[in-house]
Amino acid sequence: MDQIVTSEQRRELLQRAIEARRIAYAPYSNYRVGAALLTSSGRVYTGVNVENAAYPDSLCAERVAIVKAVSEGEREFIALAVVTSNGGTPCGSCRQVMAEFGLDMLVLIADVDGNLKQETTVSDLLPGAFGPGDLGR
Ligand SMILES: [Zn+2]
């Protein structure tokens with residue numbers, strides 16, 4: 001499923017991710033992350049990283065956005081914007097969770113000023129992904 005993402009939609013996703021990032025809960029790393037996920041219904045779900053004093057229980061912004069969308073009945077994702085101070089890329093766990101819902105999703109990686117660092121896809125971020133197909137789905 002290759003869907004066109006307009007420049008207006010891209011701008012909106014980046015803006016929503018930048019705004020979300022402001023409320024990230026990152027008292028330990030101080031590395032705040034904001035994400036915004038566009039679904040096939042046209043809705044946008046935002047996410048922020050939510051850290052925990054027990055570090056491994058921390059959640060990433062990308063996965064928070066995806067979990068919010070899935071918990072609202074959405075499963076078709078068109079594009080995901082991720083914003084950090086320096087345009088850092090999604091971690092391996094987030095790449096795996098993205099891959100569960102499709103390899104074609106557009107991924108926009110930007111810094112906090114909205115400067116696009118990478119425009120890529122899940123399949124480029126996670127080549128050879130293990131996915132539903134491997135379990136016969
Ligand atoms: Zn992550």
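Just so we're clear, the structure is a prediction, and the values are computed from it rather than from any experiment. Note that ligands are numbered from 1 as they come in the structure, with each ligand's atoms numbered from 1 the same way. In what follows, residues are counted from 1 in the order of the sequence shown.
Arg75 pairs by the salt bridge (charged side-chain N to carboxylate O under 4.0 Å, His left out) definition with nothing, not counting sequence neighbours. Listed by chain and residue number, Glu12 satisfy the salt bridge (charged side-chain N to carboxylate O under 4.0 Å, His left out) test with Arg16 (two or more places apart in sequence, or in another chain).
In this structure, Arg32 CZ and Asn49 CG are separated by 9.0 Å, a value rounded to the nearest 0.5 Å. Atoms OG and CG, on Ser123 and Asp104 in that order, are 6.0 Å from each other to the nearest 0.5 Å.
Judged purely by atom type and a 3.5 angstrom limit, Asp111 uses its side chain to pair as donor or acceptor with the backbone of Gly114.
Protein atoms of type N/O/S that fall under 2.8 Å from the Zn ion (ligand 1) number 3 in this view.
Cluster partners of Leu135, using a side-chain heavy-atom cutoff of under 4.5 Å among ILVMFWY residues and allowing indirect links, are Phe130.
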